[in-house]
Structures are given as C-alpha cells and as structure tokens.
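Below, chain A is the first sequence line, B the second, and so on; all start at residue 1.
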There are 2 protein chains.
Amino acid sequence: MFNEATFADDIAPASVPASAHVSGKAASSRPAQQCGSCSMRSACMPQALNAQELSRFDSIVSATRLIKRGDAIYRANDPFQSIYAIRAGSFKTVVMHRDGREQVTGFHLAGEVLGLDGVCTESHSSDAIAIEDSSVCIIPYALLESMCAESKSLQQQVLRMMSGEIVRESSLMMLLGTMSAEQRVAAFLLNLSSRMKARGYSAAEFNLRMTREEMGNFLGMKLETVSRMFSKFQREGLLQTHGKRIRIVNLDALGRV
Amino acid sequence: MFNEATFADDIAPASVPASAHVSGKAASSRPAQQCGSCSMRSACMPQALNAQELSRFDSIVSATRLIKRGDAIYRANDPFQSIYAIRAGSFKTVVMHRDGREQVTGFHLAGEVLGLDGVCTESHSSDAIAIEDSSVCIIPYALLESMCAESKSLQQQVLRMMSGEIVRESSLMMLLGTMSAEQRVAAFLLNLSSRMKARGYSAAEFNLRMTREEMGNFLGMKLETVSRMFSKFQREGLLQTHGKRIRIVNLDALGRV
DNA sequence: CGCCAGTTTGATTTCTATCAAGACAAGTGG
DNA sequence: CCACTTGTCTTGATAGAAATCAAACTGGCG
C-alpha cells in the first residue's frame, strides 16, 4: 500500500498537521490541489504571487502525481514538458555516464522544483528518482512560460529559481573540487540539517532518506568512505548514527571540520 | 598598451576579419556596439530575435567595457546589476571558500554570458576574471527583465541560457565526482576543442589562455597533476604541447580515455 | 643578461578506492 | 515463531591515485 511520505518518523513541524496531507491512494495521478491551501506553499514556487496570480497559477498546475520509492518522474532524454514541485517526499537527481557511472547531482525535499534542466534542449539531461514514496505537482512548462509573460512576479520567481540552481551547483563543484572526504560529509550533513530546520523539523535529529551509496555518489566518494566518516565523527563525539537515523551532537564542530 | 584579444595566434575563423574588432583604446567603458553587426552575433544572446526585437535589445545594451587580464568584471558579493556578454577574450569564474581555497567553475569564451548567478540573491556568488585582455557588453538586468515580459523569444532565450548553465554545471559535477585525473584532463581538452571549433577556429590546435594552476583549480586537481597528464598524453601520442600551445593529435583516442 | 612566473619531473606521503568479511535489521515464507 | 534471504552498513587489510615536497628547467621580458 502506498503511503504518502510525511516524515512521520521525524519531529513534525507545528505548521504541518498530519491532516494537511492527503491520505494515500494508489492512483498515480490525481486532480491538482490548491496551492493556497498547500502546506508547502511558503517554501514553494508561488510564494511571490498575489491572490489573483495564485488562482491563475493554480489553474495551470494540472495534477499531482504519486511516485513510489525508486520510480522516476522523468529520465534523461525524456522529452521536456513539465516541471515538478515536490509536495511531499524526497528525490535524487542523477546524471549518467555512458559507461554506467552515475553522479547524483542533488537531493531534493518538499517545496523544491525539479526538471529545469530540460528547458535548454527540450529534453531532460538527468533522472529524477524518488528516494521515498513521494508526491509532486505537475506544472506544464508551456503554460508556465505563457503566464510568465503576463506576471512579472512569476517571471522573476522562475528566473530566481533557475539562478538559485546555478548557485547551488557552483557550491557543489567547490565541494567536489576542493574538499576532503571528511569535509564533504560534514558539509552534506550541515546542509541537510539546515534544510530540515527550514521545513520545521529538528536541525539536530532526522532520518536520512538515501543510502550510503547514494550519498557517496553525490559526494564523489565510495559508500565505505561515507561510512568511515560517519564512524569517525561518532568517535569524535560530533554525531550519533544508527543506520539512517542521524543525531548531530556538535553542530559547530561539524562546521569547523 | 591594451590590445583587444583577437585570438591572433590561433587560426582565425573566416567569418571574423580582423577589422571587425575595434582597435584598442585604454578607456574602460565605451558606447555600445550594434548587436546586428557584431561578429559574435550568431553565438550570442540575441540570436533568436527578429529585426525589431534586435534593435530594442541593442538599446538596452548600454555599453561595452574593456577588461585587462587579471581584472574582474564583478566579484562575489558585489551587488547584481547587469549580466555580461563576452565580445572578445576569455574569462574564468571562481567561487572562493572562506579558507582561501578556490574552485574555478568555468572558463568562458566569446559569445557566452556571465553573471546569471546574481539573479537569485541580487548579489554575485562568484568572481568573473579575465584570463586575457577582453571586452564585454553590459546588459542591465532590470531592462532585460522588462524586455523579457514583452518579447517571448527573448524570455525563452534567457530561460534557455539559464537552463543550459544548469546542465553545464551538472556535467561538471559528473566530471569532478566520478572521473580520474586523466579522464578529466582529456574531457577538458575535448570540450575546449569543440568550443574553439564552434567559433571557427581549429579544433586540433589552439592556445590555452589559462595556466596549469587554473586548469587544476577547475578540474579539482593540482597543477603538477595537470602537467603529468599532459606529459602522459604526449608520450602516448595523443597530444603535443609546447607551453600553452596545444595540438590534439588523436582526438578519438582522447575521447576514449 | 638575469629574473621570474610558469612548467616539468622525481621522490615520498597521504588519502581514498578496492577487496573482503562480517554484522545488522527488516521482511518472507514455511 | 524461527530460519533464511536480502539489502544495507561497518570494519579491516591492502593497493593505487593524486597530493605534497623538492628541484630543475623554460621562455618571456624588463
């Protein structure tokens, strides 16, 4: 049975009562929800829109879709038609090399938008794969583009999102290009911590949704190295781990690594 | 004396007669040129515009600016006001870590656009530094944004450019995250080769504008390693180097590394 | 001509990958 | 309920790649 992800095992944010989530239905596509009543609204794309724009925006968000763990919203070379706002759950985006090696280019949480890589060539250049049962809002790009021409604030929002993605990727290049394995893992944990916090969850204690191998593919190292770094931080008293359960004991020290 | 970069030491493309370049003047800012008569037009931003849009676009390109080797167009944390189209020359973009380590996030040639990282926070997140004497067109972002609201083709062009930058950076993450030093250097040379070719220069023989250290900072390795890989390719008969002068002897084999 | 930034090359160290084995937890089916 | 599978994670031993340290070479330029 499909259960919409609710971070039930993390410390829930006060602003997201469990009832705000739609109870699971196995259908893979459902009518759109209203952005105005979505629990992710403040973190999501239409944050900058006024009431009138919001209702217009609602009308172009055609549907939501449930994605099971391991399934893809889109894959590399799929024709580009829509972008996707994450309503609930988490995803990884992956670029593949012909020889099979893969690089995870990001982990994405609720409120974030996926698929902007497709604008440039009208086909996607990465896979977007759910790392837990998740749901997304489907935003047809052609309609979004049209509405951008009319709404300056939406246009600005889309451009800002794209630019933000560019900046995010630059800092990942910095991580991959200049940091040691130890520093990369620390930076990864801190980044995740602050994003969980921004969503109302505890910054110190949360569950990782990805495996050690996926982390390694993201951080440019092998899963064994990720594991060793976790053990190291634990020995040094910066961290407690129990499988995917993470507890950051000393956030400052982790930042100084 | 300032000499506007003309790749005079590379094999010149037939479509760019030397006279197309403005002769050097030490002034750092000059009136804008007309995009319609610019030798970079086909490779540059306004490629998608019709005559009327082009003239409107010309009017928002306020000026061109000469940048000497080593000087920056903008630096991290500078307020974001304009984006810059490279008329001639080459740049590197660099993100700095507090501890002084730097990651080169890209090398940029004529026709490419710099500064889109600033849209998201209204301040730049990287430095853009000329690696040879260069010139850029200044495109005030506020005006560009306004014109985007009116010209669908310009809006699309800007969105495509941004998306292209996202894709470019993803593939760089792949390079940094999964490839050996040897493969990175090979990929770098091939990439540069194809970009030189796209500009009408020889794909096989060109001058590097950056130092070994800058390449290393880009490729996530030390300058000595870059040098060793060059020597290795040379021993294997894939490449001939003489300082910054590069001659790719076996392009296919370089692609199979 | 000599200086200097940039480059090449060699010797050694350090870090991470690789290979291998075992631990652990969750889930399955008998 | 238990044996068993399976996927994930941890840990250790070793190999391999790149960094570091050091020295010498090159070519351009004042």
Distance-only check: which donor-acceptor pairs under 3.5 Å involve side-chain atoms of residues 250-257 of chain B, not counting sequence neighbours?
from: B/Asn250; atom 1: OD1; to: B/Asp252; atom 2: N; distance (Å): 3.4
from: B/Asn250; atom 1: OD1; to: B/Ala253; atom 2: N; distance (Å): 2.9

Under 3.5 Å, N/O pairs linking protein and nucleotides 17-20 of chain D:
from: D/dA18; atom 1: OP1; to: B/Ala181; atom 2: N; distance (Å): 2.6
from: D/dA19; atom 1: OP1; to: B/Lys222; atom 2: N; distance (Å): 3.3
from: D/dA19; atom 1: OP2; to: B/Lys222; atom 2: N; distance (Å): 3.3
from: D/dA19; atom 1: OP2; to: B/Thr225; atom 2: OG1; distance (Å): 2.2
from: D/dT20; atom 1: O4; to: B/Arg228; atom 2: NH2; distance (Å): 2.8

Please state how far atom [atom1] in [X] lies from atom [atom2] in [N], giving the value in whole angstrom units.
| X | N | atom1 | atom2 | answer |
| --- | --- | --- | --- | --- |
| B/Asn207 | C/dG6 | CG | C1' | 15 Å |
| A/Asn217 | C/dA17 | CG | P | 11 Å |
| A/Arg101 | C/dA17 | CZ | P | 13 Å |
| A/Lys244 | C/dC24 | NZ | P | 17 Å |
| A/Lys232 | C/dT14 | NZ | C1' | 13 Å |
| B/Phe230 | D/dT26 | CZ | P | 19 Å |
| A/Leu219 | C/dA17 | CG | P | 11 Å |
| A/Arg235 | D/dT10 | CZ | P | 12 Å |

With no hydrogens and no angle check, do the side chains of A/Glu132 and A/Ser90 hold a donor and an acceptor under 3.5 Å apart?
yes
Evaluate the criterion side chain to side chain donor-acceptor pair (under 3.5 Å) for residue pair A/Thr93 and A/Thr105; output intermediate values, then yes/no.
CA-CA 6 Å; A/Thr93 43; A/Thr105 55; 2.9 Å; yes
Please find out if less than 6.0 Å separates the ring center of A/Phe91 from that of A/Phe107.
no
Once you measure the plane-to-plane angle for A/Tyr74 and A/His124, does it fall in the parallel (<30°), tilted (30-60°) or perpendicular (>60°) bin?
parallel
Are there over 12 heavy-atom neighbours, none belonging to A/Lys197, within less than 6.0 Å of that residue's NZ?
no
Regarding A/Thr211, tell me which of base, sugar-phosphate or nothing describes its non-hydrogen contacts under 4.0 Å with the strands shown.
sugar-phosphate
